[in-house]
Participant: 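Dumping the structure here so I can ask a few things about it.
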Amino acid sequence: MKNDRGPIGIFDSGYGGLTILREIRKMMPQYDYLYLGDNARTPYGTRSFDVVYEFTIQAVRYLFKQGCHLVILACNTASAKALRTIQQNDLPRLAPNRRVLGVIRPTVEVIGDISKTHHVGIMATPGTVRSKTYELEIAKLFPDFKVTSEACPMWVPLVENEEYNTPGADYFVKKNIDSLLQQDPQIDSVILGCTHYPLLRDKIRQWMPDNIHVIEQGNYVAQSLKEYLSRHDDMSEHITSEGTIRFLTTEQADVFQAKAAIFMDTAVEAERVFLE
Ligand code: DGL
């Protein structure tokens with residue numbers, strides 16, 4: 001059994017998944033984590049289903065090879081476009097005892113307690129919006145909810161280019177919030193359905209009316225993972241617990257390190273890897 005253990009794998013197209021890793025680690029510091037950012041091929045949000053699936057399964061296979069038994073797709077775009085196929089088609093033949101989980105379901109589960117008007121807004125990448133995954137998942141749990149989605153194609157580039165606090169950020173954040181609320185003025189809760197968006201939190205709060213709840217995913221994903229592991233001893237016994245984090249990136253390590261430090265609030269050391 002001892003050799004059959006490894007870290008929890010956390011995957012994102014770039015830096016966004018670090019907002020999820022931070023919260024998971026805060027809640028469960030005892031485990032080991034292996035973060036993989038496909039920074040060389042980010043963003044995923046504007047890519048087709050087939051391409052996002054292909055990149056994501058490459059990353060999952062890589063993390064499995066590194067010993068991960070549990071992989072979290074800390075990316076809404078990958079969760080929306082690749083998770084189901086991986087769970088249903090790939091896992092049974094690739095690694096029937098390993099698990100891949102996403103970030104959309106744990107986020108959707110909490111809105112029943114948060115929204116009073118039952119009108120919810122989703123702000124996400126064009127890929128996530130086009131997939132309609134949030135609409136489908138919310139309809140399963142809360143069939144009377146009205147869901148309106150707004151694609152925000154410029155928000156990930158703003159974050160990736162550290163433009164959080166510029167007139168450009170004001171322009172695009174205001175534009176998308178106004179557009180969402182014009183479509184449905186009864187919205188009382190907005191899900192930030194992209195793991196990059198917490199970095200724009202101050203700008204989003206500035207332009208969002210005060211009475212609207214802005215829902216970030218990290219804490220809910222962490223809580224849901226904690227509950228999952230407490231129900232699944234068969235999985236938690238495959239996770240090593242030395243409290244370490246390793247960072248892998250498909251881009252140059254020094255580029256990743258500089259930006260990741262902003263997301264993690266601490267220095268980061270990364271290694272470059274190649275996916276295929
Ligand atoms: N962080 C990813 C998400 O949660 C999107 C970034 C991208 O477009 O690659 O959807």
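The residues of the chain are indexed from 1 along the displayed sequence.
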Participant: Write down the atom of Asn176, the atom of Ala151, and the distance for their closest heavy-atom approach.
Facilitator: ND2-O, 3.3 Å

Participant: Report the residue from Ile72, Leu101, Thr240 that forms a side chain to side chain contact (heavy atoms under 4.5 Å, CB included) with Ile8.
Facilitator: Ile72

Participant: The test is side-chain hydrogen bond (donor to acceptor under 3.5 Å, both in side chains); show your working for Glu150 and Ser179 and say whether it passes.
Facilitator: CA-CA 8 Å; Glu150 171 77 10; Ser179 161; 2.8 Å; yes

Participant: Looking at Val156 and Pro43, what are the two nearest heavy atoms and their distance?
Facilitator: CG1-CB, 4.3 Å

Participant: Are more than 12 heavy atoms, taken from residues, nucleotides or ligands other than Asp144, located less than 6.0 Å from that residue's CG atom?
Facilitator: yes

Participant: Strictly by modelled atom types, are Lys226 and Gln223 linked by a side-chain donor-acceptor pair under 3.5 Å?
Facilitator: no

Participant: Please determine if Arg201 and Glu216 form a salt bridge, counting it only when a charged side-chain N lies under 4.0 Å from a carboxylate O.
Facilitator: yes

Participant: Looking only at non-hydrogen atoms, find the nearest pair between Met264 and Ile245 and report the distance.
Facilitator: CE-CD1, 4.2 Å

Participant: Heavy atoms only: give me the nearest Thr42-Ser13 pair and the separation to one decimal.
Facilitator: CB-O, 3.2 Å

Participant: For residues His69 and Asp4, determine if any side-chain heavy atom of one lies less than 4.5 Å from a side-chain heavy atom of the other.
Facilitator: yes

Participant: Determine the minimum heavy-atom distance between Thr195 and Cys75, stating which atoms define it.
Facilitator: OG1-CA, 4.2 Å

Participant: Please verify the inter-ring angle class for Tyr31 with Tyr33; under 30° counts as parallel, over 60° as perpendicular, anything in between as tilted.
Facilitator: perpendicular

Participant: Is the shortest distance from a Lys or Arg side-chain nitrogen in Asp38 or Arg41 to a carboxylate oxygen in the other one below 4.0 Å?
Facilitator: yes

Participant: Report the C-alpha distance between Ile10 and Leu36 in whole Å, list the side-chain angles of each, state the deciding distance to 0.1 Å, and finish with yes or no for side chain to side chain contact (heavy atoms under 4.5 Å, CB included).
Facilitator: CA-CA 6 Å; Ile10 310 266; Leu36 171 58; over 6 Å; no

Participant: Tell me the closest heavy-atom pair linking Tyr197 and Met123, and the distance in Å.
Facilitator: CE1-O, 3.4 Å

Participant: Run the side chain to side chain contact (heavy atoms under 4.5 Å, CB included) check on Phe11 and Val60 step by step: do they pass?
Facilitator: CA-CA 8 Å; Phe11 169 68; Val60 167; 5.8 Å; no

Participant: Between Lys175 and Asp178, is there a side-chain N and carboxylate O pair less than 4.0 Å apart?
Facilitator: no

Participant: Do the two ring centres, one from Phe256 and one from Tyr15, sit under 6.0 Å apart?
Facilitator: yes

Participant: Yes or no on side-chain hydrogen bond (donor to acceptor under 3.5 Å, both in side chains) for Thr107 and Gln217, after CA distance, side-chain angles and deciding distance?
Facilitator: CA-CA 6 Å; Thr107 314; Gln217 304 179 283; 3.0 Å; yes

Participant: Do Asn39 and Thr250 meet the criterion of a side-chain donor-acceptor pair at a distance under 3.5 Å?
Facilitator: no

Participant: Checking side-chain polar atoms at under 3.5 Å, does Thr244 have a donor or acceptor matched by the opposite partner on Asp32?
Facilitator: yes

Participant: Run the salt-bridge test on Lys81 and Asp50 with the 4.0 Å N-O cut-off and return the result as yes or no.
Facilitator: no

Participant: Between Gln58 and Tyr62, does a side chain to side chain contact (heavy atoms under 4.5 Å, CB included) hold up when you go through it step by step?
Facilitator: CA-CA 6 Å; Gln58 287 174 4; Tyr62 190 90; over 6 Å; no

Participant: Does Leu18 reach the side chain of Phe247, with side-chain heavy atoms less than 4.5 Å apart?
Facilitator: yes

Participant: State plainly whether one hydrophobic cluster holds both Phe55 and Val71, where clusters connect Ile, Leu, Val, Met, Phe, Trp and Tyr through side-chain heavy atoms under 4.5 angstrom apart.
Facilitator: yes

Participant: Can you confirm if the NZ or CZ of Arg246 lies within 45° of the ring axis of Tyr35 and under 6.0 Å from the centre of its six-membered ring?
Facilitator: no

Participant: Decide salt bridge (charged side-chain N to carboxylate O under 4.0 Å, His left out) for Arg61 and Asp90; before the verdict, give the C-alpha distance in whole Å, the side-chain angles of both, and the deciding distance to 0.1 Å.
Facilitator: CA-CA 10 Å; Arg61 278 200 302 257; Asp90 295 297; over 6 Å; no

Participant: Determine, step by step, whether Ser131 and Phe49 satisfy the side chain to side chain contact (heavy atoms under 4.5 Å, CB included) criterion, reporting the C-alpha distance in whole Å, the side-chain angles of both residues, the deciding distance to 0.1 Å, and the verdict.
Facilitator: CA-CA 9 Å; Ser131 76; Phe49 267 84; 3.8 Å; yes

